[in-house]
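As structure tokens, the structure follows; a few thoughts come after it.
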Amino acid sequence: TSIDKKGRGRVSLAMHINEVPILERVKLIFDEYFGRVGRIRLLPAHNSSRLLYSVSPAAAVRMREDFGHGAHNKKVPASFLAMSARLKASVVAGWRVGDGHVPRTEYDVPSATTVSVQLAHAMFDMAVASGLRPSAASLAPGGPRKRGSYTIHFTSGQESREVGGDIFYRVSNRFRDRLVVPVYNLEVAGEHTYVADRVGVHNCL
């Protein structure tokens, strides 16, 4: 969102150029919400597409306050965290459509990534509240990454059980790898079953 020097507000949503059908769905909703007809602009040189609206300054300010400005400041309104489980599941599903990853092999797990830590925390909490089994991972800045990124994985079809607020998954399969690497055994005193980074582990034999 932005307000130009003449005081005119603008709302812009950007997606990959192959995701124009998603923008078209959003346009149907936003045309009614803003009471205006937005326009979709294709930017082949940047592999992107944009949905643009000219709105009142008040509407632009409200959108920025509710959803943030720029990729690193994305967020959802605090009121979203008080919604019903069904609505939370719909918000998470919408986020997965926009920022999600489609599994390419049977070992891949559906996921979605953001550079906004606020959005990552909100999506994780809303996923849990809607009955999903998410897990979170992060990548620190480095190489082409100027800032950290946060990925929420959505495990499905795997047996799980919640015990004392923690979620445990049954191992679904094991496989051998021909790669030969050094292996280090971390042993603890007493019972050799312990927790490492919230994962239950046991010393190897």
Side-chain angles (χ1 to χ4, degrees), residues 1 12-19 22-23 26 43 45-50 64 66-78 80-81 88-158 160 162 165-186 194-202 204:
T1 58
S12 171
L13 286 83
M15 301 199 77
H16 192 274
I17 197 168
N18 293 333
E19 296 177 318
I22 299 175
L23 279 185
V26 175
L43 302 169
H46 300 281
N47 286 324
S48 66
S49 57
R50 291 181 180 273
R64 178 174 292 199
D66 285 344
F67 298 99
H69 177 70
H72 296 92
N73 296 308
K74 284 183 181 179
K75 62 179 182 177
V76 295
F80 278 30
L81 302 179
K88 287 180 179 178
S90 296
V91 172
V92 173
W95 178 59
R96 290 174 62 178
V97 168
D99 290 337
H101 160 76
V102 178
R104 296 182 179 178
T105 73
E106 61 179 311
Y107 299 111
D108 288 344
V109 176
S111 62
T113 300
T114 177
V115 293
S116 167
V117 64
Q118 297 181 78
L119 186 62
H121 285 166
M123 290 298 108
F124 185 93
D125 291 344
M126 294 174 74
V128 171
S130 60
L132 299 176
R133 293 297 197 218
S135 61
S138 63
L139 284 176
R145 294 188 307 278
K146 302 301 181 182
R147 299 196 184 188
S149 63
Y150 309 90
T151 299
I152 308 299
H153 300 276
F154 301 93
T155 303
S156 61
Q158 186 175 353
S160 62
E162 185 172 343
D166 294 320
I167 298 174
F168 294 86
Y169 294 95
R170 183 181 295 279
V171 175
S172 59
N173 60 68
R174 294 187 301 172
F175 60 92
R176 290 182 178 273
D177 194 315
R178 295 183 179 181
L179 185 65
V180 178
V181 297
V183 176
Y184 301 92
N185 185 55
L186 302 179
Y194 55 99
V195 175
D197 196 18
R198 297 180 294 178
V199 177
V201 296
H202 188 83
C204 60

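It should be emphasised that the depicted structure is a prediction, and the values quoted were computed from it without experimental measurement.
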Would you say K74's side chain and G68's backbone share a donor-acceptor pair under 3.5 angstrom? no

Determine whether a donor-acceptor pair (N or O, by modelled atom type, separation under 3.5 Å) exists between the side chain of N73 and the backbone of H69. yes

Closest approach of F80 to K88 (non-hydrogen atoms, all atoms of both residues): O-CE, 3.7 Å

Check side-chain contact (heavy atoms from CB on, under 4.5 Å) between V97 and all other residues, then give those that pass, not counting sequence neighbours. I22

Main-chain N/O of H16 paired with S49 side-chain donor or acceptor, under 3.5 Å: yes

Listed by chain and number, what are the side-chain contact (heavy atoms from CB on, under 4.5 Å) partners of D125, not counting sequence neighbours? none

Considering non-hydrogen atoms only, spot the tightest contact between D177 and L179 and give its length. OD1-N, 2.8 Å

To the nearest 0.5 Å, what is the distance between CG on N18 and OG on S48? 11.0 Å

How many angstroms lie between OG1 in T1 and CZ in F67, if you round to the nearest 0.5 Å? 11.0 Å

To check you understand the geometry: which heavy-atom pair defines the closest contact between F154 and A112, and what is its length? CE1-N, 4.2 Å

At what distance, to the nearest 0.5 angstrom, does NE2 of H72 lie from CD of Q118? 12.0 Å

Could you check whether any side-chain heavy atom of L119 comes within less than 4.5 Å of a side-chain heavy atom of W95, counting everything from C-beta outward? yes

Could you check if a side-chain atom of M123 sits within less than 4.5 angstrom of a side-chain atom of V91, using non-hydrogen atoms only? yes

Looking only at heavy atoms, the pair that brings P134 and F124 closest together is O-CE1, 3.6 Å

Does atom CZ of R50 have more than 12 heavy-atom neighbours from other groups under 6.0 Å away? no

For residues I152 and A120, report the shortest heavy-atom separation together with the two atoms involved. CD1-O, 3.9 Å

Please find the pair of heavy atoms, one from T151 and one from S111, that lie closest to each other, and give the distance. CG2-CB, 3.7 Å

